[in-house]
Novice: 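Dropping the structure in here first, questions after.
Below, chain A is the first sequence line, B the second, and so on; all start at residue 1. For clarity, every value in this text was computed on a predicted model and none was experimentally measured.
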Number of protein chains: 2
Amino acid sequence: MTTRRRTDTPEPEPATLIWERPEPAERPSPAPLSRDRIVRAAMTLADTDGLDAVSVRKVAAALDAGPMRLYGYLSTKDELLDLMAEAVHAEIADALAHDPPAADWRTTLHAHAHHMRDAALRHEWFADLLGGRPHLGPAALTTLDAALAAAARHPGLADPDAAFGAVGTLHAYTAGAVRREIAERRAHRATGLDKRQWQTSVGPYLTRMLATGRYPAVARIVAGAKTPDPATAFDTGLRHVLDGIAAVTG
Amino acid sequence: MTTRRRTDTPEPEPATLIWERPEPAERPSPAPLSRDRIVRAAMTLADTDGLDAVSVRKVAAALDAGPMRLYGYLSTKDELLDLMAEAVHAEIADALAHDPPAADWRTTLHAHAHHMRDAALRHEWFADLLGGRPHLGPAALTTLDAALAAAARHPGLADPDAAFGAVGTLHAYTAGAVRREIAERRAHRATGLDKRQWQTSVGPYLTRMLATGRYPAVARIVAGAKTPDPATAFDTGLRHVLDGIAAVTG
DNA sequence: GTATCTGTCGATACAGTGTATCGATGAGTA
DNA sequence: TACTCATCGATACACTGTATCGACAGATAC
């Protein structure tokens, strides 16, 4: 988000990060509130109406509180978004923990990527948050740790830098692929509700563009495409990435 | 952005997409304006002050025009962002066109990915726009076409779906990697200006977290990392991806 | 029990956002 | 010259994130 700064005075940001800053003691005066309840309210709001619907006012209203009440628990809206991302990372960590243990680095990383995708399908806004800011919360570190530990089991990735590079590659692919899948899903949903728009604008637009002959390769693909379902498309790319990682020779 | 809709009346969006909708004839009455000038103004604004600084009012002000003047050329701010992304795709297409012709699919795709990264380093906001919405402008289609044509030269990618999948994988990796690199660069810049903050908050935070012993793999990596420069880190991941694509056997 | 202190809550305010509306204003035509 | 008509942009509206600060409540001192 990166909105307005919070004071330009000496201390440019709170000295501690949101994940370990203590909550204010919840006094039962107006209504019991907590960082967790705030984040949960924001998440349901985002799940149902999209990330744009998450405004300080709306989240506060969902908790029967005034807008400024939240600023006792957060110091910025960006921190709320960070906490939302953390919550999803916690879901991913949970899914990882419930996986059957696998000695193979590849099945672990494969599951890892799919858990991320599943989480993004549950919470579409996660895709937008994924690469926007570094995620350093405890749950995010947990998932990162699991991925690194799995990668380290690959004989070719004994070197720390190599392992880090491999996990980074996997993360980059997953984030990019998921974001695009969500973007397409959103576009289809938006133009699918009143489907007439697709048929009257972007469909014809594309056919017109392809008819110019300037995009022969695209035209060839579009002509002969079977358009596999998103899950297998994701898996195909994932296989490429894992194949590439597997190809590393110590 | 996905802000407010523009009228909820019968036609939910303009029937034609922004890339082929004709501009209003420029009358020299107050000042010559054009979609191109608007986009350029928005781009310099975004380059210097970030994407958040691109507001209809500020762009209009940079062109000595009132805010509503722009809505003769665009029908939504999202369209402005689409046009900005298109402009960057045009830069990428230009860079591709100036590359020495290579028969090898791999060197072409390698160059492709690096051109995208270079463009994102020139225009950091591009990384945020990259996966957020489908890009269907002429320049975006041109770069896609070039990538698909290159992929088709790989004997294992004769099948259209396979070629599309490979290019999609490359795109997903590039988008994800670039976005993360930009996010890190931004974070470092933000906390590097008054570097004291890094040293007083996120640095100690991380050491505290790693000291808990809950993230042994992360700790091991951090301890023994050489932290390669971003360009070679990107290239390492790219090599993984291209290796994976190369592994496809028709 | 009263008075004072202290800290928190949240109403109000401010500067900004995207965009709908519509009166004024100008150019083009008869 | 008179009329028409499209366009420009000032104004307005509903919204955003967050700074400010008066009022109020709980704790402490006497």
Side-chain angles (χ1 to χ4, degrees), chain A residues 1-14 18 22-35 37-38 42 45-46 49-84, chain B residues 1-14 18 22-35 37-38 42 45-46 49-84:
Chain A
M1 174 139 291
T2 311
T3 43
R4 279 168 282 301
R5 243 268 155 52
R6 192 180 170 78
T7 68
D8 295 80
T9 24
E11 215 70 28
E13 285 249 337
I18 182 68
E23 288 199 68
E26 83 179 55
R27 350 239 241 84
S29 28
L33 207 57
S34 74
R35 213 169 269 164
R37 266 167 51 82
I38 293 173
L45 217 50
D49 296 327
L51 199 55
D52 291 341
V54 176
S55 77
V56 176
R57 281 166 173 79
K58 291 208 195 99
V59 173
L63 297 164
D64 282 316
M68 295 315 282
R69 182 91 181 280
L70 304 193
Y71 284 93
Y73 300 82
L74 319 160
S75 65
T76 277
K77 190 193 170 184
D78 282 348
E79 285 189 348
L80 175 57
L81 299 182
D82 286 344
L83 288 175
M84 290 168 69
Chain B
M1 173 141 292
T2 312
T3 43
R4 278 167 282 300
R5 244 275 146 52
R6 193 180 170 78
T7 69
D8 295 79
T9 23
E11 216 71 27
E13 286 247 338
I18 182 67
E23 289 200 67
E26 85 177 56
R27 349 238 242 84
S29 29
L33 207 57
S34 73
R35 215 169 269 165
R37 266 169 49 82
I38 293 172
L45 216 51
D49 296 328
L51 198 56
D52 291 341
V54 176
S55 77
V56 176
R57 280 165 174 81
K58 291 207 195 100
V59 173
L63 297 164
D64 282 318
M68 296 314 286
R69 182 94 180 277
L70 304 194
Y71 284 92
Y73 299 83
L74 321 160
S75 64
T76 277
K77 191 193 170 185
D78 282 348
E79 285 190 348
L80 175 56
L81 299 183
D82 285 345
L83 289 176
M84 291 169 68

Novice: Take the protein atom CG of B:Leu63 and the nucleotide atom P of D:dG9, then report the distance between them rounded to whole Å.
Specialist: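 In whole Å, D:dG9 P lies 11 Å from B:Leu63 CG.
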Novice: Using a 3.5 Å distance criterion without hydrogens, assess whether the side chain of B:Arg35 forms a donor-acceptor pair with backbone atoms of B:Tyr73.
Specialist: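 Between the backbone of B:Tyr73 and the side chain of B:Arg35 there is a qualifying donor-acceptor contact (under 3.5 Å).
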Novice: Can you find a donor-acceptor N/O pair under 3.5 angstrom joining the side chain of B:Arg57 to the base of C:dG16?
Specialist: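 No, the side chain and the base share no sub-3.5 Å donor-acceptor pair.
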Novice: Does the side chain of A:Lys58 get closer than 4.0 angstrom to OP1 or OP2 of D:dC15 through an N or O atom?
Specialist: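 No.
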Novice: Which whole-number value in Å describes the distance from B:Asp52 CG to D:dG17 C1'?
Specialist: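 Roughly 12 Å, once rounded to whole Å.
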Novice: Just how far is it from atom CG of B:Leu51 to atom CG of B:Leu81, taken to the nearest 0.5 Å?
Specialist: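 The distance works out to 6.0 Å.
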Novice: Is a donor-acceptor contact shorter than 3.5 angstrom present between the side chain of A:Arg69 and the base of C:dT8?
Specialist: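 Side chain to base: no pair present.
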Novice: Starting at atom NZ of B:Lys77, determine the distance to atom P of C:dT17, rounded to an integer number of angstrom.
Specialist: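 Checked: the NZ to P distance equals 8 Å.
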Novice: Nearest of D:dG17, D:dA10, C:dG18 to any side-chain atom of B:Met68?
Specialist: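 Shortest atom-to-atom distance from the side chain points to D:dA10.
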Novice: How many angstroms lie between atom OG of B:Ser55 and atom NZ of B:Lys58, to the nearest 0.5 angstrom?
Specialist: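 Between B:Ser55 OG and B:Lys58 NZ, I get 4.5 Å after rounding to 0.5 Å.
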Novice: Calculate the interatomic distance between B:Leu74 atom CG and C:dA20 atom C1'; express it in whole Å.
Specialist: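 Rounding to the nearest Å, CG of B:Leu74 and C1' of C:dA20 are 16 Å apart.
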Novice: Using whole Å, what does the distance between atom P of nucleotide D:dT16 and atom CG of A:Leu45 come to?
Specialist: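 Rounded to whole Å, this separation is 10 Å.
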Novice: Can you check the B:Tyr71 OH to C:dG18 P distance for me, whole Å?
Specialist: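 Nearest whole value for this atom pair: 6 Å.
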Novice: Within this structure, what is the CG-to-P distance between A:Asp49 and D:dC15, rounded to whole angstrom?
Specialist: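 It works out to 14 Å between those atoms.
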Novice: To the nearest 0.5 Å, how far apart are CE in B:Met84 and CD in B:Glu79?
Specialist: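 Answer rounded to 0.5 Å: 14.0 Å.
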Novice: Could you tell me how far apart A:Asp78 (CG) and D:dT16 (P) are, to the nearest whole angstrom?
Specialist: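 So the two atoms are 16 Å apart, to the nearest Å.
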Novice: Both A:Ala65 and B:Val56 contact DNA chain C. Taking the nearest nucleotide for each, which residue is further toward the 5' end?
Specialist: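 Going by which nucleotide is closer to the 5' end, it is A:Ala65.
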